[in-house]
Amino acid sequence: MPGPEFELPPQYDPRSVEPSLYRRWLDRGAFAPKDQGEPYVIVIPPPNVTAVLHVGHGLNNIIQDVLIRFERMRGRAAEWLPGTDHAGIATQNVVEKQLAAEGKTRFDLGREAFVERVWAFVRETGDTIIEQLKIIGCSCDWSRTRFTLDEAYSRSVREAFVTLWDEGLIYRGHRVIHWCPHCLTALSDEEAEHHDTSGNLYHITYPLADGSGSVTVATTRPETMFGDIGLVYHPKDRRYKAFKGKSVKIPLSGLVIPIGTDDAVDKAFGTGMLKVTPAHDANDFDIANRVWPKEDKPLILTEDGKMAGTGDGGRVPPELQGLDRFDARKKIVKLLEKEGLLVKVEQHQHAVRRCYRCDTVVEPRLSDQWFVKMKPLADPVLAAYRRGEFRIIPERWRATFENWMAGIRDWNISRQLWWGHRIPVFTCTKCQYQWASRTDPTACPECDGGGGPVEQDPDVLDTWFSSWLWPFATFGWPERTPDLARFYPGHTLVTAPEILQLWVSRMLMSGYHFMEQRPPFTTVYLTGTVRDTQHRKMSKSLGNGIDPRDVVQLYGTDALRWTLIGGGSLGADVIVDPSDLETTFAPGRNFANKLWNIGRFILSQLPVSVTPIDRIDRAQLTLADRWILARAQATIRETTTSLEQFRLDEAARRCYEFAWNELADWYVEAVKPRLAGGGPTVPQAVLAYCFDAALRLLHPVVPFISEELWQKLPGRAPDELLVVAEWPKPRPALDDAEADAEFGRVKTAIELIRSIRAEFRVSPKTRLRATIVARGGDRAATFSGERDTIQRLAHLESLATDGASDGQGVHAVFGAGSEVVVALEGAIDVQQECRRLSGEMTRLDQQLAALATKLTNESFVSRAPADVVAREREKERTWREQRNVLAGKLRALGCS
RNA sequence: GGGCGAAUAGCUCAGCGGUUCAGAGCGCCUGCCUUACACGCAGGAAGUCGGGGGUUCGAAUCCCUCUUCGCCCACCA
């Protein structure tokens, strides 16, 4: 009797289901960790508030969602902490761009108004990002959403800074750092990205001051020559021996500078003579400190990358002052050429550093910045990693991580920005005493009574100086909150490998340093990257980004998740085609629709109350019942193992095969006749059990469709939710290797009959008569017991399972010599059948020959494992029996 | 300059020493609107597993090498 489920439309419409389900989960508080139980904690890599997410972020967050849903169902107190990052440079950049469109700069607004303006922007985009996470189904604990610039979070940042200061790990460094002339701020080494660039190597003549000749210097940056304080060559370079102690004149300016020597010079590069520009090259800075430690290090470029003016020491010739550095380069080259001081220009491949936020070529620049001493922080982490206290998967990242940790350099944390955490360093204007403070001081602690006004450092902290505290600042550190006690240390961090150093390693360092030597997580899962078919990263500038909202609108969230999770194995890139969303996302949509229809059918067959599977008497089970129940056990085990091993793709595939190929294609089809009769409750119980298990197993990957169907299953309380339902456990009592093998034979027999039908172009409407002859290990009862199934699925009129083959019809051999014979009167001629069978024979003979070679090979028999040899022997026996049957058939037909 | 990854059907991928291991999805071909599903069902065609060499009784699977692509790191100006 068809139930009300037939009212359900035959086509699943995710749009009508997903938003309301998500709301139900929220209303029920399903994403909050339960009060009891062992915690499982993931902290989200907080997305920058600058931009909407694309499917690249989608992959990352969906992986986290699969893991958190899995562990939640397994009974852990699952905490997935969400939030966003204020993203200092990036955000300030975006807002400054907006201002520029209005013809304004941040200086027009002033610091306070500008920061207010950024806040307004951030509130808006932050909300969009959270919305997107919800749309793709993320089951974050929204009650604990954090932002790295929240008041409480800011206290954590300040605490970390002051602690490090007190420990002597923060210092003011005077050195050449990466400076972005567009963002007008210093950058860390990690924020200045290398880009291979094809440039020029200019060979420039520096005349000797005494007029006795000249030397040639090769440089990629002629515009910095006015900042030269000398030339150096390698002390062992004989070519320049005669120049020792001499001086040269800087071309175009005439300034006289000395020639020195330094070991750092590469004799083989360029001319072996290096110009030393200490204020605009980190390497030159070091050389200058060795060779001319007392010499000034003149800056000849302004902060925004222009040639310095007269006020800046007057080293730059007047006609070049104020020119942009690249325009200046061109002009200088021209001038040099005119004066005959340009020897040659060579093509030169080299890496140029660019700002990771605005892509401007970074200018090395001597300045004063705050640095963190990293070695004391990194060493314990490296040691802990080698002890195995946390792991990084895929394991291949080990070398990268270890090299970085071992060779770590101090971290420049000050940024000349307005958007971020103000550096809590204060200076007394009277006595110049400088200190870091957890609270804003009003007076200098060193001056007696009336100190001078106190000034705070104008700079802000590097964004990463706040996000490196994420795993514990989010839970209230430095206060000893219950959350902190419960959710630190966490478990899994899922993120992109490109921020392994920028973020992951620093979180580990802060974790070990501030949290009593405990790691913030035990597993770091480095995901692959979502790329287009040309293997390019998704990015706005390339126009190949896909907004997850578009995919969800077209195909549903489950389809999006299905493609991203199934698209690649652990840590592998996922390739999607932005120009063909249909092909990319249809498989997931199709699967969701298939589940929908399996559900529609099963639900229509189930009574209001279904017998639990453990109350079914095993004696009542048919072979097909036993088979699907055994398959369910295998699926439960394999899916669970795969998820435990972070093989989400494998888990997804396994469930898919169970639901679609095993349950729908075989069991449902096999069981239909038994259902139609309204007969016993056994098939209903089996269907309900298997479908329930499949939905549970699928839930982490396709949460919406699984939840929607699961709630419709009989016996559900109105408030029961799959999202917090129990993860299936295997029931050993339902394991059944025998049924697995026997039903496998039945399937094979059906497939052979279908093949024959198709080969002989017999319409399914024509009912055929067939015979199955069980031989070898096969039992006739296996086939007679499933007679109805075989007849129905192979479109047979009748099936004989007891008689011997009479040689009439089309034959196929399977198993250990068992045989299928399909009666096809008139449709076949003997010649054709002879050809077909001898073709089979040839194939079999080839396989047997190959096997014989193997088995007569003394080395194989003696050296291969015994079970492998045994298996090969068994295979040979089986094929030999098949061959015998075939040979008999050929004889009977009188084939030549 | 160093390190890493990938190369398997037209496309996107799985398999990573031995069970028909040469697979899946999409695409393609042939039948089917079989009352859950044409976003479907059934049956097919399709790859000398990038080239070469080696280890092994046995290699898509391990080692070396080459080619192509991609990524990360790097103070030769």
Provide the distance between the two [atom1] atoms, one in [N] and one in [M], to the nearest whole Å.
| N | M | atom1 | result |
| --- | --- | --- | --- |
| B/A7 | B/C62 | P | 11 Å |
| B/G54 | B/C69 | C1' | 26 Å |
| B/G31 | B/U68 | P | 46 Å |
| B/A14 | B/A9 | C1' | 13 Å |
| B/G17 | B/C57 | C1' | 12 Å |
| B/A74 | B/C13 | P | 29 Å |
| B/C37 | B/G51 | P | 47 Å |

Could you list by number each residue of residues 215-230 of chain A showing a heavy-atom separation from RNA chain B of less than 4.0 Å, or answer none if no residue does?
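When residues 215-230 of chain A is checked for heavy atoms under 4.0 Å from RNA chain B, the hits, listed by number, are A/A218, A/T219, A/T220.
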Please answer whether the main-chain N or O of A/D13 pairs with a side-chain N or O of A/S16 as donor and acceptor at a distance below 3.5 Å.
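Side chain of A/S16 to backbone of A/D13, a donor-acceptor pair under 3.5 Å: yes, one is there.
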What pattern of brackets, bars and dots sums up RNA chain B from 5' to 3', given Watson-Crick or G-U wobble pairs under 3.5 Å, [ ] for crossing pairs and | for another strand?
((((((((.[[[[.)..(....]]]].(((((.......))))).....[[[[[..)....]]]]])))))))....
Classify [X] by what it touches in the nucleic acid, base, sugar-phosphate, or nothing, heavy-atom distance under 4.0 Å.
| X | result |
| --- | --- |
| A/D665 | sugar-phosphate |
| A/A592 | nothing |
| A/R792 | nothing |
| A/H203 | nothing |
| A/Y656 | sugar-phosphate |
| A/R353 | sugar-phosphate |
| A/R761 | sugar-phosphate |
| A/R654 | nothing |

Given [N], is OP1 or OP2 found less than 4.0 Å from the side-chain N or O atoms of [X]?
| X | N | answer |
| --- | --- | --- |
| A/R409 | B/C75 | yes |
| A/T584 | B/C26 | no |
| A/H350 | B/G1 | no |
| A/K672 | B/C41 | no |
| A/N590 | B/G40 | yes |
| A/R647 | B/G15 | yes |

Please check if the distance between the ring centroids of A/F401 and A/W397 is under 6.0 Å.
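So the answer is no for these two rings.
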Give the rounded distance in Å between these two atoms: [atom1] of [X] and [atom2] of [N].
| X | N | atom1 | atom2 | value |
| --- | --- | --- | --- | --- |
| A/Y555 | B/C39 | OH | P | 13 Å |
| A/E669 | B/U34 | CD | C1' | 9 Å |
| A/K275 | B/C76 | NZ | P | 16 Å |
| A/D281 | B/C76 | CG | C1' | 10 Å |
| A/N403 | B/C73 | CG | P | 12 Å |
| A/L554 | B/C39 | CG | P | 16 Å |
| A/Q501 | B/A74 | CD | C1' | 11 Å |
| A/D284 | B/C76 | CG | P | 12 Å |

If you only use heavy atoms from C-beta on, which nucleotide in [options] is closest to the side chain of [X]?
| X | options | value |
| --- | --- | --- |
| A/R600 | B/A42, B/A74, B/A36 | B/A36 |
| A/H348 | B/C57, B/A77, B/G44 | B/A77 |
| A/R531 | B/G70, B/A36, B/C39 | B/G70 |

Which residue, A/K267 or A/A351, contacts RNA chain B at a nucleotide closer to its 5' end, judged by nearest heavy atom?
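The residue closer to the strand's 5' end, by nearest nucleotide, is A/A351.
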With RNA chain B as reference, determine whether A/E657 or A/W660 sits nearer its 5' end, using the nearest nucleotide of each.
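Residue closer to the 5' terminus by nearest nucleotide: A/E657.
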Sugar-phosphate atoms are those with a prime plus P, OP1 and OP2; base atoms are the rest. Using that split, label each nucleotide of nucleotides 5-13 of chain B B, S or - for protein heavy atoms under 4.0 Å, 5' to 3'.
S------SS
Among all residues two or more places apart in sequence or in another chain, which pass the side-chain hydrogen bond (donor to acceptor under 3.5 Å, both in side chains) test with [X]?
| X | value |
| --- | --- |
| A/N289 | A/K297 |
| A/Y12 | none |
| A/K875 | A/E872 |
| A/T639 | none |

Does one side chain, of [X] or [Y], offer a donor that lies under 3.5 Å from an acceptor on the other?
| X | Y | value |
| --- | --- | --- |
| A/W503 | A/T495 | no |
| A/T224 | A/K275 | yes |
| A/H178 | A/D189 | yes |

Apply side chain to side chain contact (heavy atoms under 4.5 Å, CB included) to the pair A/I393 and A/V524, showing each step before the final yes or no.
CA-CA 6 Å; A/I393 53 170; A/V524 176; over 6 Å; no
Decide, yes or no, whether a salt bridge links A/R647 with A/D649 under the criterion of side-chain N to carboxylate O below 4.0 Å.
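A salt bridge links A/R647 with A/D649.
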Is there a donor and acceptor pair, one atom on the side chain of A/Q11 and one on the base of B/A38, closer than 3.5 Å?
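Looking at the base of B/A38, it does not pair with any donor or acceptor on the side chain of A/Q11 (distance under 3.5 Å).
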For [X], enumerate each residue passing the salt bridge (Lys or Arg N to Asp or Glu O under 4.0 Å) test, keeping only those at least two apart in sequence or located in another chain.
| X | answer |
| --- | --- |
| A/D263 | none |
| A/E223 | A/R221, A/R329 |
| A/E858 | none |

Do A/D410 and A/R175 have side chains that get closer than 4.5 Å, going by heavy atoms?
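Counting from C-beta outward, A/D410 and A/R175 do come under 4.5 Å.
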Can you check whether A/Y202 reaches A/T220 side chain to side chain, under 4.5 Å on heavy atoms?
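No, side chains not in contact.
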Considering residues at least two apart in sequence or located in another chain, which fulfil the side chain to side chain contact (heavy atoms under 4.5 Å, CB included) criterion with A/Q553?
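Side chain to side chain contact (heavy atoms under 4.5 Å, CB included) check on A/Q553 returns A/R15.
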Please enumerate all protein N or O atoms sitting under 3.5 Å from an N or O of nucleotides 17-23 of chain B, with distances to 0.1 Å.
unit_1	atom_1	unit_2	atom_2	d
B/U20	OP2	A/K875	NZ	2.7
B/U20	O2	A/Q847	NE2	3.4

Parallel, tilted or perpendicular: ring planes of A/F585 versus A/Y555, cut at 30 and 60 degrees
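If you compare the ring of A/F585 with that of A/Y555, the planes turn out parallel.
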